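Computed from a predicted structure; not experimentally measured.
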Amino acid sequence: MQLSFFKYQGTGNDFIIIDNRLEIFPKNNTKLVAFLCNRKFGIGADGLILLESDTMSDFKMVYYNADGHQSTMCGNGGRCIVAFARKLGIINDSTQFSAVDGLHSAHIANGLVTLYMNEVDEIRSKPKYHFLNTGSPHHVQLMEELDGMDVKLEGAKLRYGLYGQEGSNINFVQKVDNDTFKVRTYERGVEDETLSCGTGVTAVAIAMHHYGNTSAEQIHIETIGGPLTVSFQKKGDTYTNVTLTGPAEFVFKGEIAC
């Protein structure tokens, strides 16, 4: 099979995106997805995304981790598929699409994609870390210094040691000032540090606000791959109107025999 694909990245979080409205992609072939995401033998990416037709919204997003398995919501992937949908002419500057965690709205302005994330009403806290779900499960741990840290080694210890085989994404956080934080993330499914994680920085911003590390409701996040902004409103115990904003850029298109 000759497969056409597009490559996108959002602050260094990179994705293979395939227009699957004709349902040509073998969705249960985990080995094929893992091969395509492999950086040595395939195209190379943190994940693979299918854009499909949907009766309830403009399109449907189906997301796979680099290990080949369908996974939970990906924030940067969501922003990238919105940019891709506009490139295809499916949408203009605003959209509503469906994903594994429900419907999401998004809009594009000034080269940035803003994605509305799900509300968060439950955050679990331990002495050294917080845990919450922002479409994907996230461990958030405040650190004194991130530079020089072996995120793959320390992230894997927590991913398996605390959360077992199902696992959690692991976010290490350093406070810069009241509304700015540096974040490095170990992603399950990739099983390595990624340059950025959308649901991860969303979890960090909400956790830092919830536990008094910031009073701001617009948080600037510095990832290795670039800056992202998370905004929200707190109503009672619920974080609502949660948005993730940043660039989502087309890299290249191609074909691969598989």
Side-chain angles (χ1 to χ4, degrees), residues 1-20 24-52 61-81 83-84 87 100 136-138 146-161 163-172 183-201 223-226 228 246-258:
M1 178 175 67
Q2 199 75 9
L3 183 68
S4 297
F5 67 90
F6 294 74
K7 185 77 176 286
Y8 274 76
Q9 64 89 12
T11 53
N13 208 186
D14 61 336
F15 307 97
I16 299 161
I17 307 184
I18 295 169
D19 180 359
N20 197 41
I24 60 171
F25 190 82
K27 296 173 65 172
N28 295 322
N29 191 337
T30 57
K31 290 183 178 180
L32 173 60
V33 175
F35 161 73
L36 294 172
C37 292
N38 188 288
R39 297 189 185 278
K40 300 294 185 181
F41 298 101
I43 301 163
D46 291 328
L48 182 144
I49 305 171
L50 302 179
L51 183 148
E52 299 186 339
M61 170 185 175
V62 180
Y63 178 71
Y64 295 80
N65 279 330
D67 62 6
H69 297 283
Q70 286 194 43
S71 189
T72 47
M73 180 58 184
C74 176
N76 285 331
R79 295 188 307 98
C80 285
I81 200 172
F84 178 58
K87 183 179 181 67
V100 66
S136 290
H138 283 279
L146 295 185
D147 293 341
M149 183 178 183
D150 190 335
V151 170
K152 182 177 182 179
L153 176 64
E154 298 302 324
K157 290 179 183 177
L158 294 169
R159 180 254 195 267
Y160 291 103
Y163 300 101
Q165 188 60 39
E166 181 177 351
S168 172
N169 302 287
I170 309 296
N171 303 274
F172 299 106
V183 179
R184 295 179 66 183
T185 301
Y186 175 98
E187 283 200 52
R188 65 171 188 171
V190 180
E191 307 308 335
D192 202 347
E193 180 177 13
T194 54
L195 298 184
S196 174
C197 174
T199 55
V201 302
T223 73
I224 295 175
L228 291 164
E249 299 177 349
F250 169 70
V251 183
F252 62 87
K253 63 182 291 188
E255 291 187 345
I256 187 169
C258 53

For a 4.5 angstrom cut-off between non-hydrogen side-chain atoms, does [X] reach [Y]?
X	Y	value
Tyr64	Gln70	yes
Phe15	Asn76	yes
Val100	Tyr63	no
Phe84	Asp19	yes
Arg188	Tyr163	no

To the nearest 0.5 Å, what is the distance between [atom1] ([X]) and [atom2] ([Y])?
X	Y	atom1	atom2	result
Thr194	Glu187	OG1	CD	3.5 Å
Glu154	Phe172	CD	CZ	6.0 Å
Leu36	Leu48	CG	CG	6.0 Å
Ile16	Tyr8	CD1	OH	14.0 Å

*Examine the side chains of Tyr160 and Gln165 and answer whether a donor and an acceptor come within less than 3.5 Å of each other.*
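There is no such pair between these side chains.
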
Which atoms form the tightest heavy-atom contact between [X] and [Y], and what is the distance?
X	Y	answer
Asn169	Ser136	ND2-CB, 3.9 Å
Lys152	Tyr186	O-CE1, 3.6 Å
Met1	Pro26	CE-CD, 4.0 Å
Cys80	Gly10	SG-N, 3.7 Å
Val190	Asp46	CG2-O, 3.5 Å
Gly75	Thr199	N-CG2, 3.6 Å

*Run the numbers on Arg39 and Asp192 for salt bridge (Lys or Arg N to Asp or Glu O under 4.0 Å), then give the verdict.*
CA-CA 13 Å; Arg39 297 189 185 278; Asp192 202 347; over 6 Å; no

Under 3.5 Å, which donor-acceptor pairs link side chains of residues 247-258 to any protein atom two or more places apart or in another chain?
| from | atom 1 | to | atom 2 | distance (Å) |
| --- | --- | --- | --- | --- |
| Glu249 | OE1 | Gln9 | NE2 | 2.8 |
| Glu255 | OE2 | Ser4 | OG | 3.4 |

*List in chain and number order the residues that pass salt bridge (charged side-chain N to carboxylate O under 4.0 Å, His left out) with Lys27, two or more places apart in sequence or in another chain; answer none if no residue qualifies.*
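Salt bridge (charged side-chain N to carboxylate O under 4.0 Å, His left out) check on Lys27 returns Glu52.
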
*Which residues satisfy the salt bridge (charged side-chain N to carboxylate O under 4.0 Å, His left out) test with Asp147, sequence neighbours excluded?*
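With neighbours one apart ignored, the set is Lys182.
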
Between [X] and [Y], is there a donor-acceptor pair closer than 3.5 Å when you use the side chain of the first and the backbone of the second?
X	Y	value
Arg184	Ile224	no
Arg159	Glu191	no
Asp67	His69	yes
Lys7	Gly44	yes
Asn20	Phe25	yes
Thr223	Gly225	yes

*Go through Cys197 and His138 one step at a time and tell me if the side-chain contact (heavy atoms from CB on, under 4.5 Å) criterion holds.*
CA-CA 10 Å; Cys197 174; His138 283 279; 3.6 Å; yes

_Among Leu228, Thr11, Asn171, Thr185, side chain to side chain contact (heavy atoms under 4.5 Å, CB included) partner for Val201_ =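 Testing each of Leu228, Thr11, Asn171, Thr185 against Val201, the sole residue satisfying side chain to side chain contact (heavy atoms under 4.5 Å, CB included) is Leu228.
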
*Taking atom CG of Asp150 as the centre, report whether more than 12 heavy atoms of other residues, nucleotides or ligands fall under 6.0 Å from it.*
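Atom CG in Asp150 is crowded, with more than 12 foreign heavy atoms closer than 6.0 Å.
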
